[in-house]
Amino acid sequence: MTARPISETVASLMPRARAELAELVAFPSVADPAQFPKSGCEAAANWVADALHAEDFTDVALLDTPDGTQSVYGYLPGPEGAPTVLLYAHYDVQPPLDESAWLSPPFELTERDGRWYGRGAADCKGGFIMHLLALRALKANGGVPVSVKVIAEGSEEQGTGGLERYAEAHPELLAADTIVIGDTGNFRVGLPTVTATLRGMTMLRVRLDTLEGNLHSGQFGGAAPDALAAMIQLLASLRDENGTTTVDGLTGDADWDGLDYPEAEFRQDAKVLDGVELIGTGTVADRIWARPAVTVIGIDCPPVVGATPSVQASARAQISLRVPPGHDAAEATKLLTAHLESHAPWGARVAVEQVGQGQPFRADMSSPAYTAMASAMRDAYPAQEMQSSGMGGSIPLCNTLASLYPQAEILLIGLSEPEAQIHAVNESVSPEELERMSVTEALFLRNYAESKRA
């Protein structure tokens with residue numbers, strides 16, 4: 001079968017897709033009640049459930065997960081004897097950060113320069129719309145040839161593990177022959193890509209205490225141990241002079257053997273300022289896909305405006321460590337904790353708290369589902385062959401699903417190419433990419449069903 005009927009159907013559905021994505025983006029579904037009211041997530045979850053009902057899904061349910069959020073589940077039965085495919089996306093989003101830096105309101109889908117801007121447009125509300133488009137196209141062209149389960153997570157961006165714990169307690173719910181995680185993206189717009197690896201992560205908070213209370217820096221500075229200075233020195237111990245991560249006992253010399261990532265392209269994608277060097281050693285792909293990377297993502301300290309001349313008694317920081325395949329995240333957590341405890345200067349008292357953890361993931365690209373996906377991408381992206389890349393981010397659910405369903409094939413695709421600027425201000429999605437990836441997914445489901453009948 002050719003891609004023509006599917007591609008034409010998806011093209012005709014794009015105006016509806018834009019309207020639906022605008023509705024979904026409008027919900028401020030940040031799954032952190034300290035930042036946004038829970039009502040935003042609840043409204044988004046109900047919208048997703050209603051969309052599944054409208055597509056004739058049965059058993060649609062709002063699942064109350066252990067972290068206090070809701071995941072949305074639905075089942076669409078296929079022909080008798082057909083394989084089951086699980087389609088994943090998440091409806092929760094990152095906070096918009098500095099709303100004044102957005103060129104248009106973050107929760108209002110806005111078209112500009114051929115892209116659609118809004119928080120979650122690519123990551124990952126657009127992924128849910130991609131699933132809907134693929135299924136609608138198949139229904140209009142002979143029917144959906146597989147049984148489909150859809151799960152839309154409500155707390156992926158917070159890393160609190162609600163859906164993982166729920167799946168472990170209800171292992172039959174998400175069982176499938178193949179799982180499509182719609183939360184990654186192409187290496188470039190127009191270059192069809194599957195994600196072969198994900199780095200895991202561990203998140204720690206470290207607190208240093210040196211004094212019973214803050215002191216006047218003129219009276220005591222120079223001898224009194226400054227907790228903020230101690231924290232700066234401690235955090236500096238996590239990198240060498242090249243910026244390479246240096247956690248005691250954690251190796252970081254693996255090489256990436258897949259798609260190359262030229263340094264000039266990375267500098268452009270990351271918007272590195274002229275004259276500023278990249279950090280680390282090895283190729284860019286080595287550094288972001290195959291090796292551990294530590295990032296200080298927050299420090300509690302007095303702001304510049306209103307600061308007083310004081311020696312600080314306490315300091316706190318939050319540290320993210322990305323853990324590549326080949327490493328165990330739990331072991332990396334132990335190593336990072338031990339490093340922090342042993343490198344604090346001046347005998348500062350150290351308290352370390354773990355706030356998140358997820359294992360790395362490596363897909364089996366020799367499986368039949370990847371053959372079906374390669375064919376689908378070839379038809380949806382004429383003259384382009386499927387590429388494989390890594391992704392520096394984490395999707396802890398992948399490892400949970402791989403553990404629960406060891407026979408299932410897991411594929412990672414999506415809409416989060418570099419121009420999407422996910423997690424940053426002015427996140428956007430390419431409508432052309434949404435269209436082509438929806439065609440890809442529809443063709444994949446058809447190819448996969450045919451391969452199982454062969």
Side-chain angles (χ1 to χ4, degrees), residues 159-161 164 184 195-208 230-258 261 263 266 270 277-299 315-363 389-400 402-403 412 423:
T160 46
E164 293 134 74
T184 61
T195 300
T197 66
L198 299 169
R199 286 193 295 195
M201 57 81 69
T202 185
M203 192 88 71
L204 300 180
R205 288 177 184 157
V206 57
R207 177 184 173 116
L208 299 183
M231 180 65 75
I232 292 169
Q233 186 167 322
L234 174 59
L235 298 178
S237 75
L238 295 171
R239 295 185 183 276
D240 67 12
E241 65 276 6
N242 296 316
T244 300
T245 294
T246 52
V247 174
D248 292 347
L250 186 64
T251 58
D253 56 359
D255 298 326
W256 174 258
D257 59 2
Y261 200 158
E263 184 171 319
F266 178 82
E277 300 176 357
L278 301 187
I279 62 173
T281 59
T283 69
V284 168
D286 293 340
R287 285 175 262 180
I288 65 172
W289 296 334
R291 298 179 181 179
V294 69
T295 304
V296 179
I297 63 173
I299 300 178
R316 192 169 68 144
Q318 186 151 316
I319 301 164
S320 166
L321 176 64
R322 297 292 178 171
V323 183
H327 292 267
D328 177 69
E331 179 62 23
T333 299
K334 293 178 182 177
L335 293 173
L336 179 56
T337 300
H339 181 106
L340 295 170
E341 291 174 343
S342 64
H343 283 262
W346 315 323
R349 296 181 182 178
V350 184
V352 180
E353 173 192 5
Q354 183 177 347
V355 292
Q357 181 178 287
Q359 293 289 353
F361 174 79
R362 185 186 300 276
S389 71
M391 192 173 83
S394 305
I395 307 177
L397 180 66
C398 286
N399 288 89
T400 300
S403 176
L412 295 99
H423 293 202

Exercise for review: Would you please test Leu235 and Leu238 for side-chain contact (heavy atoms from CB on, under 4.5 Å) and show each step?
Suggested key: CA-CA 6 Å; Leu235 298 178; Leu238 295 171; 4.3 Å; yes
Revision key, fill the gap. Here the pair of heavy atoms bringing Thr244 nearest to Gly280 is OG1-CA, 3.4 Å
**Study point:** Any donor-acceptor N/O pair, Asp240 side chain to Asn242 backbone, under 3.5 Å
**Key:** yes
Exercise for review: For Arg349, check side-chain hydrogen bond (donor to acceptor under 3.5 Å, both in side chains) against everything at least two apart and list the hits.
Suggested key: none
Practice item. Step by step, work out the side-chain contact (heavy atoms from CB on, under 4.5 Å) result for Met203 and Ile297. Key: CA-CA 10 Å; Met203 192 88 71; Ile297 63 173; 3.4 Å; yes
Review point. Do Arg291 and Asp255 have side chains that get closer than 4.5 Å, going by heavy atoms?
Key: yes
Exercise for review: Flag the pair Leu278 / Arg287 as yes when at least one side-chain heavy-atom distance between them is below 4.5 Å, and no otherwise.
Suggested key: yes
Practice item. Measure across Gly252 and Pro292 and return the closest heavy-atom pair with its distance rounded to 0.1 Å. Key: CA-CD, 3.7 Å
Review point. Minimum heavy-atom separation for Thr246 to Arg239, with atom names?
Key: OG1-N, 3.2 Å
Review point. Any donor-acceptor pair under 3.5 Å linking the side chain of Thr245 with the backbone of Val294?
Key: yes
Review point. Is the shortest heavy-atom distance from the side chain of His339 to the side chain of Leu250 under 4.5 Å?
Key: no
**Study point:** Distance-minimising heavy-atom pair for Ile288 and Arg199
**Key:** O-CZ, 3.0 Å
Practice item. Supply the atom-to-atom distance Arg362 CZ to Cys398 SG, rounded to the nearest 0.5 angstrom. Key: 13.5 Å
Practice item. Could you tell me which residues satisfy ring pair (Phe, Tyr, Trp, His ring centres under 6.0 Å) with Tyr261, sequence neighbours excluded, listed by chain and number? Key: Phe187, Phe266, Trp289
Practice item. Verify, without hydrogens or angle tests, whether Asp286 (side chain) and Trp256 (backbone) share a donor-acceptor contact under 3.5 angstrom. Key: yes
Exercise for review: Provide the closest heavy-atom pair for Ala332 versus Val323 in the form atom of the first, atom of the second, distance.
Suggested key: CB-CG2, 3.9 Å
Point to revise | Leu335 side chain near Leu321 side chain, heavy-atom distance below 4.5 Å | key: no
Review point. Would you find a donor on one side and an acceptor on the other, under 3.5 Å apart, between the side chain of Gln359 and the backbone of Ala329?
Key: yes
Review point. Do side-chain atoms of Ser237 reach the backbone of Leu234 as a donor and acceptor pair under 3.5 angstrom?
Key: yes
Review point. Can you name the closest pair of heavy atoms from Thr197 and Pro325 and give their distance?
Key: CB-CG, 3.8 Å
Check your understanding: Just by modelled atom types, is the Thr295 backbone N or O under 3.5 Å from a matching donor or acceptor in the Arg322 side chain?
Key -> no
